[in-house]
Amino acid sequence: MPKTVLQWDKGKTIPPICKRLMRMYAYRELSPLDDDWQGWKISQGKLITPDGWPLTPNRIIMGNALIEIGAVDELRFQREVLRTARMIKKLK
């Protein structure tokens, strides 16, 4: 394996799958997984949305739980909060 990397350093072509894995590891980008992950990344143990929102595992679980139990009022409130936050972010 180290021999292969040394060959890449000398100019040998790096296979696309290896480039993809290196980008994911080095930059913690998730877009190499699938186009739906474009703009998402992992930083300091948090999943960062394309809008820059840091999501912890607890926030993700809470959001999914609200969807699972069909908490319509909570979901409506959440959508309003997100819409307002995005408008405020655009004002900067």
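In this text, all values refer to a predicted model and were calculated from it rather than measured experimentally. When a residue number appears, it is its place in the shown sequence, counting from 1. Below, all heavy atoms of this structure are taken into account, side chains as well, without hydrogens, waters or symmetry copies.
- Hydrophobic cluster of W53: the remaining members, joined at side-chain heavy-atom separations below 4.5 Å, are L82, listed by chain and number.
- Not counting sequence neighbours, the partners of R86 by the side chain to side chain donor-acceptor pair (under 3.5 Å) test are D51.
- Residues K46 and I48 are in side-chain contact: their nearest non-hydrogen atoms beyond the backbone lie under 4.5 Å apart.
- Residues P15 and W8 meet the side-chain proximity criterion, which asks for heavy atoms closer than 4.5 Å.
- From I60, atom CD1 reaches atom OG1 of T56 across 7.0 Å, with rounding to the nearest 0.5 Å.
- Scored by the side chain to side chain contact (heavy atoms under 4.5 Å, CB included) test, Q7 finds K3, K12 as partners (sequence neighbours excluded).
- Within a 6.0 Å sphere centred on CG of D9, heavy atoms belonging to other residues, nucleotides or ligands number more than 12.
- Note: L47 CG to W37 CH2 = 5.5 Å, rounded to the nearest 0.5 Å.
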